[in-house]
Each structure stands twice: as structure tokens, then as C-alpha cells.
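Right, one structure below, let's go through it.
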Amino acid sequence: MSAPRPVPARTEVRRRWQDAGFVIPAFAALLLTPPFLNLFAVRRLLFGIPLEVAYLFTIWTALVLCAVVLSRRLPRQIDPEPVDATPIDKSAEPDKP
């Protein structure tokens, strides 16, 4: 039996999802460039829909689903760093004329 894999830290998991948030749209932009679009510019129908239109809507649907998954996985607000809560003593400041 193999040893169980260590669980990554919370910040590492957040970083992976943030990286996916960058890579997925970049990959989709690549899929929407003319060389890839021209692969589907043929006169064929898929369930009565032109193949090029079906390709575009498939990419669009996949992007929407990825956005939903990313919005569920990424935290709504990044936890702020702890701040030193020592009060500032204003009485120690010199008075300005």
C-alpha cells in the first residue's frame, strides 16, 4: 500500500484555483482563434445546426460552466493579514500651532 498524499495548505489550493482562473480563459481564447475556427468551417450539420455554430456554443457553454465552478471554489474575500491592534496614543504627539 502507498502512503496517503499530504493535503496541500489552504493557500496552495486557493493559488491553484486562481491559476485555473487565468489558464481557462487563455485556453478558450486560443480555441477561438481563426486557425481553430477554420477547422469547423465546413458545410456539415450537427442535429440541424451548422458545425461552426455548434463549436462556438460548446466553447461558450464550457466557459460559463468553468466560471460557475471557479466562483464556487474561490473565496469571496481574501482573508486579510492580521493587523497589530495596539492603540495609537495621540496625547504623546506635540501640539501644532
Side-chain angles (χ1 to χ4, degrees):
M1 296 190 91
S2 64
R5 293 184 353 188
V7 178
R10 186 177 183 148
T11 56
E12 181 66 26
V13 172
R14 182 187 313 146
R15 186 175 298 130
R16 287 182 187 175
W17 283 108
Q18 288 174 342
D19 290 345
F22 174 75
V23 170
I24 291 171
F27 184 66
L30 177 71
L31 291 176
L32 295 175
T33 58
F36 284 102
L37 288 175
N38 289 338
L39 292 174
F40 297 95
V42 294
R43 292 184 175 241
R44 291 201 179 146
L45 299 178
L46 181 66
F47 302 113
I49 301 170
L51 190 60
E52 189 174 23
V53 173
Y55 174 74
L56 287 173
F57 275 101
T58 302
I59 298 298
W60 177 73
T61 304
L63 278 174
V64 169
L65 292 175
C66 288
V68 168
V69 170
L70 283 174
S71 70
R72 302 265 185 217
R73 297 288 182 180
L74 285 174
R76 297 211 187 280
Q77 180 180 1
I78 297 175
D79 298 328
E81 295 180 17
V83 179
D84 186 19
T86 57
I88 298 174
D89 186 13
K90 297 224 179 210
S91 63
E93 294 179 9
D95 291 333
K96 294 183 181 178

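The CG atom of Leu39 lies 7.5 Å from the OH atom of Tyr55; values are rounded to the nearest 0.5 Å.
Criterion: ILVMFWY side-chain heavy atoms under 4.5 Å apart, direct or through other members. Under it, Leu46 and Phe36 are part of a common hydrophobic cluster. Both Ile59 and Phe47 belong to a common hydrophobic cluster when Ile, Leu, Val, Met, Phe, Trp and Tyr are linked at side-chain heavy-atom distances under 4.5 angstrom. Note on Leu65 and Phe27: separate hydrophobic clusters, where clusters join Ile, Leu, Val, Met, Phe, Trp and Tyr whose side-chain heavy atoms are under 4.5 Å apart, directly or indirectly. Residues Val64 and Phe57 share a hydrophobic cluster, clusters being chains of Ile/Leu/Val/Met/Phe/Trp/Tyr side chains in contact below 4.5 Å.
Across all non-hydrogen atoms, the minimal contact from Leu63 to Pro25 is CD2-CA, 4.5 Å. Of all non-hydrogen atoms in Ser71 and Val68, the two that sit nearest each other are OG-O, 2.8 Å.
You'll find the side chain of Leu56 reaches within 4.5 Å of the side chain of Leu32, heavy atoms only.
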I'd like to know whether Leu31 forms a side chain to side chain contact (heavy atoms under 4.5 Å, CB included) with Leu37, so could you lay out the CA-CA distance, the side-chain angles of the two residues, the decisive distance to 0.1 Å, and finally the verdict. CA-CA 7 Å; Leu31 291 176; Leu37 288 175; over 6 Å; no

